[in-house]
Participant: 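One structure is given below, represented as structure tokens, and several questions about it will come after.
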Amino acid sequence: QVQLVESGGGLVQAGGSLRLSCAASGRTFSSNAMAWFRQAPGKEREFVATISGSGSGGSTYYAESVKGRFTISRDNAKNTVYLQMNSLKPEDTAIYYCAGRESTWNSRLTDRYDYWGQGTQVTVSS
């Protein structure tokens, strides 16, 4: 049974940093694209960042709103994906979800992902 478990969320002041982790179990995800999405209250789930599988070079893509502030990375030995978030803003407040798909290629679309974590809350105070 595949599981994605996020951790690392919390309350931080604007300008601060957090590092989210997504630990996968049940199978190896090194060749699969992984991503982070977020959902703020009253809004739809939106793309944050994605990293391709090892077969396609581990390329990364970001939403414009987080480019230059967030970094997605992966440690295939630990079957874990990370999201380093710097210079956080109040508008980054949301539940952050980790997702994996049955493809090595990136996607920004929620319906392209087959596996989802339960989410971790990130709250940025002004």
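The figures here come from the full heavy-atom set of this structure, side chains too, leaving out hydrogens, waters and symmetry mates.
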Participant: Could you go step by step and tell me if Gln121 and Thr93 meet the side chain to side chain contact (heavy atoms under 4.5 Å, CB included) rule?
Facilitator: CA-CA 8 Å; Gln121 177 71 48; Thr93 295; 4.1 Å; yes
Participant: Do the side chain of Thr120 and the main chain of Ser7 share a donor and acceptor less than 3.5 angstrom apart?
Facilitator: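 Pair absent, no side-chain N/O of Thr120 close to backbone of Ser7.
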Participant: Quick one: side chains of residues 8-19, donor-acceptor pairs under 3.5 Å with protein atoms, not counting sequence neighbours, listed by atom name and distance.
Facilitator:
from: Ser17; atom 1: OG; to: Asn86; atom 2: OD1; distance (Å): 2.9

Participant: State plainly whether one hydrophobic cluster holds both Val2 and Ile51, where clusters connect Ile, Leu, Val, Met, Phe, Trp and Tyr through side-chain heavy atoms under 4.5 angstrom apart.
Facilitator: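 Shared cluster, yes.
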Participant: Keeping the roles fixed (side chain from Ser52, backbone from Gly58), state whether a donor-acceptor pair exists under 3.5 Å.
Facilitator: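 Present.
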Participant: Using only atom types and a distance under 3.5 Å, with no angle test, would you say the side chain of Glu46 pairs donor to acceptor with the backbone of Arg38?
Facilitator: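 Flag not set: sc Glu46 to bb Arg38 has no pair under 3.5 Å.
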Participant: For a quick test of reading the model, state the closest non-hydrogen atom pair linking Lys67 to Glu64 and the distance between them.
Facilitator: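 Shortest heavy-atom separation between Lys67 and Glu64 comes out as NZ-OE2, 2.6 Å.
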Participant: Salt-bridge test for Arg27 and Glu102: reply yes if a basic N is under 4.0 Å from a carboxylate O, no otherwise.
Facilitator: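 Here Arg27 pairs with Glu102 in a salt bridge, since their nearest N and O are under 4.0 Å apart.
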Participant: Quick one: does any side-chain atom of Ser59 pair with a main-chain N or O of Gly57 as donor and acceptor, under 3.5 Å?
Facilitator: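 Pair absent, no side-chain N/O of Ser59 close to backbone of Gly57.
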Participant: Between Leu20 and Glu6, does the side chain to side chain contact (heavy atoms under 4.5 Å, CB included) criterion hold? Intermediate values first, please.
Facilitator: CA-CA 7 Å; Leu20 305 184; Glu6 303 96 335; over 6 Å; no
Participant: Quick one: name the residues clustered hydrophobically with Trp105, using the 4.5 Å side-chain heavy-atom rule over I, L, V, M, F, W, Y, and just say none if it's on its own.
Facilitator: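 Members alongside Trp105: none; it stands by itself.
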Participant: Quick check on the hydrophobic clustering: are Val48 and Tyr61 connected, directly or via other members, by side-chain heavy-atom contacts under 4.5 Å?
Facilitator: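 Hydrophobic grouping puts Val48 apart from Tyr61.
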Participant: Mark yes or no for whether Thr104, through its side chain, and Ser31, through its backbone, hold a donor-acceptor pair below 3.5 Å.
Facilitator: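 Here the side-chain-to-backbone pair exists.
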Participant: Apply side chain to side chain contact (heavy atoms under 4.5 Å, CB included) to the pair Cys98 and Tyr115, showing each step before the final yes or no.
Facilitator: CA-CA 8 Å; Cys98 174; Tyr115 307 101; over 6 Å; no
Participant: Among residues at least two apart in sequence or on other chains, which ones pass ring-ring contact (aromatic ring centres under 6.0 Å, His included) with Phe70?
Facilitator: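 Result, ring-ring contact (aromatic ring centres under 6.0 Å, His included) vs Phe70: none returned.
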Participant: Can you measure from CE (Met34) to OG1 (Thr60) and round to the nearest 0.5 angstrom?
Facilitator: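 Reported to 0.5 Å precision, the distance equals 15.0 Å.
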Participant: Mind checking whether Leu4 and Ile95 sit in one hydrophobic cluster, side chains of I, L, V, M, F, W, Y counted as touching below 4.5 Å?
Facilitator: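 No: no chain of side-chain contacts under 4.5 Å links Leu4 to Ile95.
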Participant: Contact between Trp36 and Thr50 at the side-chain level, heavy atoms closer than 4.5 Å - yes or no?
Facilitator: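 They are not in side-chain contact.
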Participant: Just checking, any donor-acceptor pair under 3.5 angstrom between side chains of Asn76 and Ser30?
Facilitator: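 No - no donor-acceptor pair under 3.5 Å links their side chains.
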Participant: Between Phe47 and Thr110, does the side chain to side chain contact (heavy atoms under 4.5 Å, CB included) criterion hold? Intermediate values first, please.
Facilitator: CA-CA 7 Å; Phe47 166 75; Thr110 55; over 6 Å; no
Participant: When you measure from the side chain of Asn32 to the backbone of Gly100, do you find a donor-acceptor pair of N or O atoms at a distance under 3.5 Å?
Facilitator: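 Side chain of Asn32 to backbone of Gly100: no pair is present.
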Participant: How many angstroms lie between CD1 in Ile72 and CG in Asn106, if you round to the nearest 0.5 Å?
Facilitator: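 Going from the CD1 atom of Ile72 to the CG atom of Asn106 covers 8.5 Å.
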Participant: Rounded to the nearest 0.5 Å, what's the gap from CD on Gln3 to SG on Cys22? Could you check?
Facilitator: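 That separation rounds to 11.0 Å.
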Participant: Short question: side chain of Arg74, backbone of Phe29 - any donor-acceptor pair under 3.5 Å?
Facilitator: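 Yes, because the side chain of Arg74 sits within donor-acceptor range (under 3.5 Å) of the backbone of Phe29.
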Participant: Under the 3.5 angstrom rule, does the side chain of Arg101 hit a backbone N or O of Arg112 as a donor-acceptor pair?
Facilitator: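 Pair found, side chain donor or acceptor close to backbone of Arg112.
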Participant: Just to verify, which of Tyr113, Tyr97, Tyr96 counts as forming a ring-ring contact (aromatic ring centres under 6.0 Å, His included) with Phe37?
Facilitator: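 Going through Tyr113, Tyr97, Tyr96 one by one, the ring-ring contact (aromatic ring centres under 6.0 Å, His included) with Phe37 is satisfied by Tyr113 alone.
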Participant: Does the side chain of Arg45 reach to within under 4.5 Å of the side chain of Trp116, using non-hydrogen atoms?
Facilitator: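 Heavy-atom side-chain distance check passes, below 4.5 Å.
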